[in-house]
Structure formats: C-alpha cells, structure tokens
Amino acid sequence: MTTCVRFAPSPTGYLHVGGARTALFNWLFARSTGGRFLLRVEDTDTERNRDELTDVILDLLGWLGIEADGEPVFQSDNRSRHREVVEQLLRDGKAYLCDNENNEVVGAELVEGLAVRFRVASYEQETLNICDVVRGEVSFAAAEMEDFVLWRSNATPTFLLANAVDDIDMGITHAIRGEDLLPSTPKAMLVMDAMGAVAPTYAHLPLLVNEQRKKLSKRKDDVSLEIWRGRGYLPEAMANYLATLGWGPPDDIEIRPMAEILELFRLEDVLKSPAFFDPKKLEHFNATHIRRLSSEEFLARLEPWFEEAAWPAQRYRTEVMDALGPMVQEKIRTLAEAERFVDWLMLDDPPVDVASWEKAIAGNAVARDILSEALVVYADTPWQADNLYEATKTLGEQHGLKLGKAQAPIRVAITGRSVGPPLFESLVLLSREEAMRRLQMAINKLD
RNA sequence: GCCCCGUUCGUCUAGAGGCCUAGGACGCCAGAUUCUCAAUCUGGUAACACGGGUUCAAAUCCCGUACGGGGUGCCA
C-alpha cells in the first residue's frame, strides 16, 4: 500500500513551530515510506485571505525544505461535497437537524438556518478503537460520547465533518497530527463509519510545550517560525532540532543532515510524552550547522542579512568578508550576530558597547598608557598582521601584560566591543589612518 | 466533574527483562587553550515519580497511587 499523508494547517496566518514539527514528521514519514505528502488548508473560516495565508505557509515550509506533492487543497473548495455527505447522513438518520438550543427538528433534508448534528446512537458498536502508531490502541466508549455538530446553521461544515470527509476523499492512509486532536478522533471515525468508509491509521504526536509544560501558546511563547527565521536561524538547523523533539536517532547523533534523518526516522519510534521547545539547544544546533557550511555557502547565507545591515549598502566591503568570513563563521551562533562582528569595518563611527568600554578602558588603569603608546608604535609599524601582533605584544610586555590583556583596550577603542574577529587581521583591513584616528578618539574621550 | 494521554538527569533523548553501579546531547560548573570569546578542547554535575506484584532477574511486564497534560464549542 502506498502511504499518503497530509499536513492540514488551520488558517491562523502564520506557521507555528509545533505545526512545523507536525508537517516535518508527516513529510519524513511520507518520504521514508515512498508515499505522498499533501497539503490541505483548512479554511472553513472563509473570512481570511487564503492566497496570502497559503503563501506564508508554503514559504515557510519551503524554507524548511518540506516540499508538498501537488498543489495545496483548499478545504473551502469542497463545500458541495461536505454538503452532500451531510445530506446523505440526514437521509440515513445518522444525523439530524437541530435549532440553536440543540433541540432536534424533524426532517430529512437540509433546512436553511438549522444546524446538523451527528447521532452517536446510530453507531452500533459499544466502543471506538483507534489504532494509533504512537500510542497503541486507544478506545472510547460510544455511550459516553455526545452528539456533535457537523453542519453549522450558517451552512458551513465544522472541522469534524470537513476533516473526516477530506481525509477519506484524499485517500489519506495515515493521519499524523498533534495529541490535542486525540479526543476528537473517535468523532471523526464515527463520521467515516457512517459514510461507509474506513478510517486511516492515526499517529498522535506528543505536544510541544513551554517551560510551564503547557501547550505552546501564541500569546506567551515565541512560536512563530518566522520569528526564528528572522533571528538568524538556519532552516536545516531548525528542521534538525524539530526532528529531535519526540524522536531520537538510535545512534545518539543528534546534529546531522536531513538526508540521514530520513533514513533513520520511523514513526513507531516517536515518543508519547510532551517535549519542551528549548531555545538554548536550538541555538547550539544552529551554531553547529553554521560551522558546517562551506565558506562560500556561509557568505551566501549572510547576503540577505547584510542587505539590511546598519551600514549604507555602498559601504559594504567585499574584501572584509573574504578575509574574515571563516573567522566570523566559527564564532557566531545565529546569522544575526554576524553584523556586529564586522560593522566597525563598514561604519565611520561604530557604536561603542558600554560594558566593554567600562571594563577594558574606563575601569582599566593602564588603558590610557596602552592606547597612547599604541598610537605611537602603530605610526610606523609595517601595516601587516604579523608586525602588528609583535608590536602590540612588545608594548604589553613593557607593562608586564600578556597580549591578551594588552590588546583589550585597543580592541574596544577600535571596534567598540570586547568580542570580535582576530584583531590584527582586522586592523589591516581597516587601514592605519582609521585605526589611529579611533585610538586618538578613545584617548580624547577618556580625557 | 467526566473522558483520554503521559511520567528516565534542570531540558531533549538512548534504553523492547540480565549488556544499566542507566549511555549521548543541551545547560550549568571547573580546567585548558587562542590576540578577544559568545569560539574550541577536556573533565565534572545530575534521572529510572511512588507503592505493590510477576520473575532467579524489572528503568523495561501487570495493578494501584500521586503528579502533569490534553479534550470536553454551531474553534480547529
């Protein structure tokens, strides 16, 4: 049997990291079983702009490397089919008309202004058993279920109806979704059974939770995938991290290419308990993925970031990144951090980090002497990294300081920060005149 | 309330009765190293929720308790 799964986002306007994880697991399952991965936009709420919504979702899924098979299906396009199923259920007595107070209204045809509820009593078995790949067999007693609305009085299908009908019509073999949908699964199965259809196999994924162990909330948590992309996270790092939430590779190697995860992933290995979305660990994954990029690829990924950087576009100096790229690559954790490693080479007056200034210069008794002497020494040191290194080292030794200490005030005076790329290589790129101008400015500021 | 699900280091996980005095990763702590460190390396810290069974043997199987979560809409 060829497997067929779907990711069915609801129209909230953006992609949630939990939704992205669900999409990823569906995609992994489809690709690893040679099946199909479809996209269905559950836009039964017709007020949204669906083109725009779909663009956001497709864009983000594409960013993550999750490609759907075929064009996305809009649930709202299946309205007539949904209506047809409701009408049939009504005729079969498996559903009934009801008014706003949920009182049954006699009739076997749809009536404008009246809703339709499913009649659970029409189901003849005592229990509904869900065959769940993750949770095993889960059963619900039919006697404890209440009738539920299939068709609203405003003539639109509810999630329960549309979701069930579309899964059947699309030939979905495995419904892989969040655990929050587990309690509604027996209702979907009731509808499918009444349609004379066979329900798909289910797999309810453990929820992603926040530090309070609650389902990720749009209000309190950073759940939008766009936010993470905007913070400089690599799609491969995000997808890789998401794959380790609720699932773990058997060989304990967590950070790896998606192609390898595809080979190792098995739906039945997915865990049952909720997982905390840990930004710190995500950051570590990201830093590692950044370092694994080739130098060329790293620079290419940085391009969109530098286009929005604080320096004027015409001030960008290609030679700076050609020389410092690899050194920046091994230090940053997110792409967003790259800018402050090199901005002082593109700006006339780079910002000065207050804490760095206090520690290395204002609060450092020898800082003034070091800066003044550096001004003198740099005036006639050959402007090359090796020579600057030696000159600065000697300067420090005259104060009984190791190079590490001696370079601190110089670094802050010139770059504005205590952290950055290797100083002497960078000074060469800055030019002697500019370096000396900044040293003088720092001394003036101190006076 | 009722229904359903879950419970291994702070966190993500490995573990399918003996390989477990429980492994890896993040974090944290310490040390090393580099011209800076937010990089790198090394080491350390820390868990089978509890109580009963079953068994020669249980983190692994069964039952119960506790705790946590999800659901209980003419939301999805």
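All chains are named by letter (A, B, ...) in the order of the sequence lines, taking the proteins before the strands, and each is independently numbered beginning at 1.
Dashed line: the shortest gap from a side-chain N or O of A:Arg213 to OP1 or OP2 of B:G70 is not under 4.0 Å. Here A:Arg256 does not reach the OP1 or OP2 of B:A25: none of its side-chain N or O atoms lies under 4.0 Å away. Within the structure, a side-chain polar atom (N or O) of A:Arg333 is placed less than 4.0 Å from OP1 or OP2 of B:A39. For B:G69, the OP1/OP2 oxygens have a side-chain nitrogen or oxygen of A:Lys214 closer than 4.0 Å. Between A:Arg417 and the phosphate of B:C37, there is no side-chain N or O to OP1/OP2 separation shorter than 4.0 Å.
More than 12 heavy-atom neighbours from other residues, nucleotides or ligands sit within 6.0 angstrom of CD on A:Glu268. A 6.0 Å sphere centred on CD of A:Glu137 holds more than 12 heavy atoms belonging to other residues, nucleotides or ligands.
Across the strands present, B:A59 finds no partner; the criterion is a Watson-Crick or G-U wobble pair with both atom distances under 3.5 angstrom. The partner of B:U54 is absent, by the rule that a Watson-Crick or G-U pair needs both atom distances under 3.5 Å. With both pairing distances under 3.5 Å, B:C20 is matched to nothing as a Watson-Crick or G-U wobble pair. The base-pairing partner of B:A76, taking Watson-Crick or G-U wobble contacts with both distances under 3.5 Å, does not exist among the strands shown. Nucleotide B:U42 has B:A30 as its partner under the Watson-Crick or G-U criteria, with both atom distances under 3.5 Å. Within the shown strands, B:U7 is the pairing partner of B:A66 under the Watson-Crick or G-U definition, both distances less than 3.5 Å.
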A:Thr415 vs A:Arg411, side-chain hydrogen bond (donor to acceptor under 3.5 Å, both in side chains): CA-CA, chis, key distance, verdict: CA-CA 6 Å; A:Thr415 75; A:Arg411 175 183 290 277; 5.3 Å; no
A:Leu89/A:Trp151 under side-chain contact (heavy atoms from CB on, under 4.5 Å): CA gap, chis, key distance, verdict: CA-CA 11 Å; A:Leu89 293 179; A:Trp151 190 258; over 6 Å; no
side-chain hydrogen bond (donor to acceptor under 3.5 Å, both in side chains) evaluation trace for A:His289 with A:Asn240: CA-CA 9 Å; A:His289 275 281; A:Asn240 188 170; 2.8 Å; yes
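Across the P atoms, B:A49 and B:U60 are found 8 Å apart, a figure rounded to whole Å. One C1' atom belongs to B:G1, the other to B:G44, and the distance between them is 49 Å to the nearest Å. Comparing the P positions of B:C50 and B:U11 gives an interatomic distance of 15 Å, to the nearest angstrom. Across B:G6 and B:U13, the matching C1' atoms stand 16 Å from one another, rounded to whole Å. Taking atom P in both B:G64 and B:C5, the straight-line distance is 12 Å, to the nearest Å. Using atom P as the reference point in both B:A39 and B:C26, the two lie 12 Å apart (nearest Å). B:A16 sits 12 Å from B:A59 when the C1' atoms are compared, rounded to a whole Å. For B:C12 and B:C19, the C1' atoms lie 25 Å apart once the distance is rounded to whole Å.
Summarising the geometry, the separation between CD1 on A:Ile290 and P on B:U40 is reported as 11 Å, rounded to the nearest angstrom. Residue A:Asn240 contributes atom CG, which lies 13 Å from atom P of B:C26 at whole-angstrom precision. One can place CD1 of A:Ile130 at 15 Å from P of B:G71, the figure rounded to the nearest angstrom. Per the geometry, NZ belonging to A:Lys215 stands 18 Å off P belonging to B:G68, to the nearest Å. Note: OH (A:Tyr202) to C1' (B:C4) measures 16 Å, nearest angstrom. A straight line from CZ of A:Arg135 to P of B:G71 spans 13 Å, rounded to a whole angstrom. Taking atom CG on A:Asp251 and atom C1' on B:U13, their separation rounds to 12 Å, with Å as the unit. If you measure from atom CZ of A:Phe341 to atom P of B:U36, you get 14 Å, rounded to the nearest angstrom.
Across residues 365-397 of chain A, A:Tyr389 each have a non-hydrogen atom less than 4.0 Å from an atom of RNA chain B (numbered order).
In this model, a side-chain donor or acceptor of A:Lys281 finds a partner on the base of B:C12 within 3.5 Å. In terms of polar N and O atoms assigned as donor or acceptor, the side chain of A:Arg177 never comes within less than 3.5 Å of the base of B:A76 in a complementary pairing. For A:Asn100 and B:C74, a side-chain-to-base donor-acceptor distance below 3.5 Å is present, hydrogens and geometry of angles not being considered. With hydrogens and angles left out, the side chain of A:Lys331 and the base of B:U40 share no donor-acceptor pair within 3.5 Å. The base of B:G6 has none of its N or O atoms less than 3.5 Å from a complementary donor or acceptor on the side chain of A:Glu179. Checked by distance alone, A:Asp180 brings no side-chain donor or acceptor within 3.5 Å of a matching partner on the base of B:G71. Below the 3.5 angstrom threshold, one finds a donor paired with an acceptor across the side chain of A:Glu425 and the base of B:C35.
Each of A:Phe285 and A:Glu137 lies near RNA chain B, and the nucleotide nearest A:Glu137 is the one positioned closer to the 5' end. If you find the closest nucleotide of RNA chain B to A:Ile253 and to A:Arg117, the one lying nearer the 5' end belongs to A:Ile253.
Picking from B:C5, B:A76, B:U36 the nucleotide with the shortest atom distance to the side chain of A:Val138 gives B:C5. Closest approach to the A:Glu330 side chain among B:A39, B:U13, B:C4 is made by B:A39 (side chain taken as heavy atoms from C-beta onward). Of the candidates B:U13, B:G23, B:U36, B:U13 carries the atom nearest the A:Leu271 side chain, counting heavy atoms from C-beta on. Relative to the side chain of A:Glu254, the nucleotides B:C74, B:C12, B:A76 differ in distance, and B:C12 lies closest. The nucleotide whose nearest atom lies closest to any side-chain atom of A:His284 is, among B:A76, B:A25, B:C3, B:A25. Side-chain atoms of A:Arg291 lie closest to B:A39 of the nucleotides B:C35, B:A38, B:A39. Closest to the side chain of A:Ser273, from the set B:U7, B:G70, B:A38, is B:U7.
None of A:Arg256, A:Arg292, A:Arg301 except one satisfies the salt bridge (Lys or Arg N to Asp or Glu O under 4.0 Å) rule with A:Glu236; the exception is A:Arg301.
Using modelled atom types and a 3.5 Å distance limit, the side chains of A:Asp43 and A:Ser76 yield a donor-acceptor pair. Under the 3.5 Å distance criterion, with hydrogens and angles disregarded, a donor-acceptor pair is assigned to the side chains of A:Asp166 and A:His82.
Aromatic pair A:Phe37/A:Phe29: centroids not less than 6.0 angstrom apart. Ring centers of A:Trp228 and A:Phe277: under 6.0 Å apart, within the cut-off.
Residue contacts for A:Leu245: at a heavy-atom cut-off of 4.0 Å it reaches the sugar-phosphate backbone alone, with no base atom in range. Using a 4.0 Å heavy-atom cutoff across all strands shown, A:Phe140 reaches sugar-phosphate atoms only and no base atom.
Ring geometry, A:Phe148 versus A:Phe118: the interplanar angle falls under 30°, so the pair is classed parallel (tilted spans 30 to 60°).
Using a distance-only test at 3.5 Å, with no hydrogens or angles considered, a donor-acceptor pair links the side chain of A:Arg432 to the main chain of A:Tyr378.
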